[in-house]
Amino acid sequence: MIDVLSFVGCFPFRYVCASAEFVAEKLRAWGFERAVVAPLAAVALKNPFKADLEFTRSLGEFFLPAAVLNPEYPGAEADLEALAAEGARALLYPIPYQGFRAGSIKAARLAKRAIKLGMAVLVSATLEDQRQYPRRIRLNKFAMRDVERLVAAVNDERLILSEFSFGEVKELAGKGAFSVDIGSRGIFGPPFTQLNELAELLGVRRLVAATYYPLKYPAAPLAKALLAGLDLERIFVENPKRLLGL
Amino acid sequence: MSLAQRLRALLKALEGAVDVHTHLGADRAFNERLIALFKMLGVSRIYASYYPYDFSSMRPPSEEVWRGNEVVLRYQRREGLVRGFVHVNPLNPDAVKMAEFFLKEGMRGIKIYRAVRAVHPSLEPIYELAKQYSVPVLIHTAHRLYPRDRPNESDSRHVAQAAKRNPNVVFIMAHIGGGGDWEYAVRAVKELSNVYADIGGSVADNSMVEYAVEVMGPDRVLFGSDNIVWAALAKIASAELPDDVKAKILRENAERIGL
Ligand SMILES: [Zn+2]
């Protein structure tokens with residue numbers, strides 16, 4: 001099985017600190033053979049390049065490194081190319097932490113460049129429930145119409161939407177091609193028909209699963225797929241392999 | 001463990017569990033699906049109150065509350081799996097009478113939603129009733145929400161205050177995974193031995209259950225889903241706790257408080 005998003009490092013908002021070895025061991029124990037992984041250290045940086053670079057170089061076989069980049073930062077495209085050359089396999093937009101406009105021309109351009117380079121593009125609406133953050137920390141709210149613009153501009157199944165709700169994903173369907181992470185908190189109800197509806201609406205081809213380990217409990221996407229009676233082989237093996245070019 | 005073994009273990013993780021926090025509502029197909037899901041997982045009992053979003057407001061009028069509670073009572077009579085918690089809007093003049101009626105009919109607890117906070121004086125006679133019938137009071141709780149509290153919604157501090165004032169009443173602080181600062185929540189009730197917490201809600205942050213056990217001890221954490229079955233299953237299956245602690249959370253702690 002392939003996990004389309006996990007993390008390594010420390011998180012600024014809650015005590016979560018995990019090494020690559022630790023994360024690999026836990027995910028292996030849950031049956032994952034490979035995992036896309038992003039550096040937590042880069043998530044909230046305005047200029048994450050150096051954190052990405054060091055991280056990408058440090059990882060072993062198990063991991064498929066994801067680069068966190070801010071598309072509005074000067075030189076982002078050159079950064080992406082340098083990281084791709086170092087082995088990065090995905091681009092991660094943790095939108096609210098970076099604060100850029102997901103609907104901007106720059107965001108779409110960088111995402112399309114990543115796809116040209118054979119990478120997947122993960123768009124995360126949030127890494128965790130933001131209602132638990134200290135009250136003075138206000139992350140950027142982003143508009144769904146910006147995400148809609150990004151989906152329309154990129155229009156590729158390698159654009160993977162994560163942590164969007166069932167309603168939001170439904171709203172985006174038909175606006176362009178994309179895939180969905182079934183691990184997203186706002187998906188699979190109640191009602192318990194949501195995953196089956198998504199499979200119908202987008203095709204099972206477009207469903208993949210991210211654990212977000214160690215931020216979230218790793219069994220969540222497996223639990224959902226099992227309860228919904230979905231095809232595990234396609235969601236956890238075939239689809240991520242295709243999207244990640246493995 | 002092979003993947004197939006992992007998956008089988010995952011589907012058995014809730015076998016024999018007691019879910020202290022579920023809801024049945026106006027949509028019959030939904031109720032049937034929920035019940036079927038719990039049966040498939042081998043859950044032995046679920047404690048259900050009426051789905052609060054199916055009321056017309058946070059302060060539903062008496063007739064609505066009667067009807068909602070009757071729906072739950074019908075399921076309790078028909079399904080061996082289901083036991084009721086009576087939903088109470090304490091601002092209704094017949095709130096105590098209604099609660100007592102459904103407790104006499106065999107419901108096993110009281111559910112307080114967002115009509116008033118847990119410290120509101122209108123709840124005193126309800127707490128008195130809970131004491132008299134030895135049933136727990138499940139309080140819908142938000143856990144220091146960002147960016148601000150919502151009116152009439154209890155947070156963990158209100159639950160703590162109510163529990164301090166009513167030491168002989170068992171309180172269940174609802175869904176630590178319901179959104180908000182769950183670390184704060186379990187610490188806020190740490191010293192109060194009459195407060196239990198259920199692990200329900202859609203937030204499945206890693207180590208949430210372990211932290212609740214670390215702070216509150218293994219005897220006051222309860223298994224509850226608040227209908228978010230996948231999250232409850234994932235939390236129990238992933239939590240790195242010894243089997244005897246999981247057994248306490250899944251069943252034994254609930255049994256100790258009469259559930
Ligand atoms: Zn509830």
Side-chain angles (χ1 to χ4, degrees), chain A residues 1 6-7 11 13-16 18 23 26 28-33 127-139 141 165 182-196 211-229 232-233 236-237, chain B residues 1-11 13-14 22-23 25 27 29-30 33-34 36-37 40-41 51 53 142-148 177-185 201-211 225-240:
Chain A
M1 295 195 301
S6 63
F7 296 92
F11 194 54
F13 302 106
R14 179 158 63 90
Y15 182 59
V16 176
V23 172
K26 296 290 178 194
R28 273 202 188 98
W30 276 101
F32 292 98
E33 285 133 46
L127 299 193
E128 54 173 20
D129 180 19
Q130 291 176 24
R131 290 173 298 176
Q132 61 190 284
Y133 290 165
R135 288 179 187 212
R136 281 178 196 282
I137 293 173
R138 281 163 190 269
L139 298 181
K141 277 230 168 76
S165 70
I182 68 164
S184 310
R185 186 172 71 94
I187 294 181
F188 192 43
F192 310 106
T193 46
Q194 291 180 347
L195 271 183
N196 304 87
T211 63
Y212 276 55
Y213 189 76
L215 290 170
K216 298 204 281 188
Y217 278 127
L222 273 171
K224 287 187 195 182
L226 279 173
L227 295 178
L232 293 172
E233 186 69 23
F236 288 87
V237 185
Chain B
M1 213 189 282
S2 75
L3 179 59
Q5 280 170 316
R6 270 271 172 214
L7 295 179
R8 267 199 302 279
L10 186 57
L11 279 175
L14 301 184
T22 72
H23 298 287
D27 179 345
F30 171 83
R33 224 172 226 276
L34 181 70
L37 206 51
M40 192 258 277
L41 291 164
Y51 196 50
Y53 289 121
H143 307 291
R144 278 183 78 91
L145 285 184
Y146 162 100
R148 64 182 65 84
D181 188 347
W182 47 266
E183 295 177 67
Y184 184 100
S202 61
V203 174
D205 285 348
N206 187 32
S207 80
M208 162 186 271
V209 181
E210 293 92 318
Y211 190 74
S225 65
D226 195 15
N227 287 13
I228 319 283
V229 186
W230 64 264
L233 172 58
K235 284 176 222 184
I236 287 293
S238 311
E240 298 190 359

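The figures that follow rest on heavy atoms only: side chains count, while hydrogens, waters and symmetry mates do not. Per chain, numbering begins at 1; letters A, B, ... match sequence-line order.
Rounding to the nearest 0.5 angstrom, the gap separating the OH atom in Y15(A) from the CD atom in E183(B) is 11.5 Å. Between F192(A) atom CZ and F30(B) atom CZ the span is 4.5 Å, to the nearest 0.5 Å. The distance from atom CG of D181(B) to atom CZ of F13(A), rounded to the nearest 0.5 Å, is 13.0 Å. With rounding to the nearest 0.5 angstrom, the CH2 atom of W230(B) is 8.0 Å from the CZ atom of R185(A).
Considering only heavy atoms from C-beta on, L7(B) comes within 4.5 Å of L232(A) through its side chain. The shortest distance between side-chain heavy atoms of V16(A) and N206(B) does not fall below 4.5 Å. Side-chain atoms of L215(A) and D205(B), non-hydrogen and from C-beta on, never get closer than 4.5 Å to each other. Considering only heavy atoms from C-beta on, K26(A) comes within 4.5 Å of E240(B) through its side chain.
Partners of N227(B) by side-chain hydrogen bond (donor to acceptor under 3.5 Å, both in side chains), not counting sequence neighbours: none found. Partners of E128(A) according to the salt bridge (Lys or Arg N to Asp or Glu O under 4.0 Å) rule, which considers only residues two or more places apart in sequence or in another chain, are R14(A).
Proximity of a side-chain donor or acceptor of S238(B) to a complementary backbone N or O of A219(A) within less than 3.5 Å is detected. Between the side chain of R33(B) and the backbone N or O of P190(A) there is no donor-acceptor pair closer than 3.5 Å. The backbone N or O of A231(B) lies less than 3.5 Å from no partner atom in the side chain of Y217(A), so there is not a single donor-acceptor pair.
Contact annotation for A29(A): both backbone and side-chain heavy atoms come within less than 4.5 Å of a heavy atom of chain B. In this structure, no portion of Y212(A) lies under 4.5 Å from any heavy atom of chain B.
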Worked check of side-chain contact (heavy atoms from CB on, under 4.5 Å) between L227(A) and M40(B): CA-CA 9 Å; L227(A) 295 178; M40(B) 192 258 277; 3.9 Å; yes
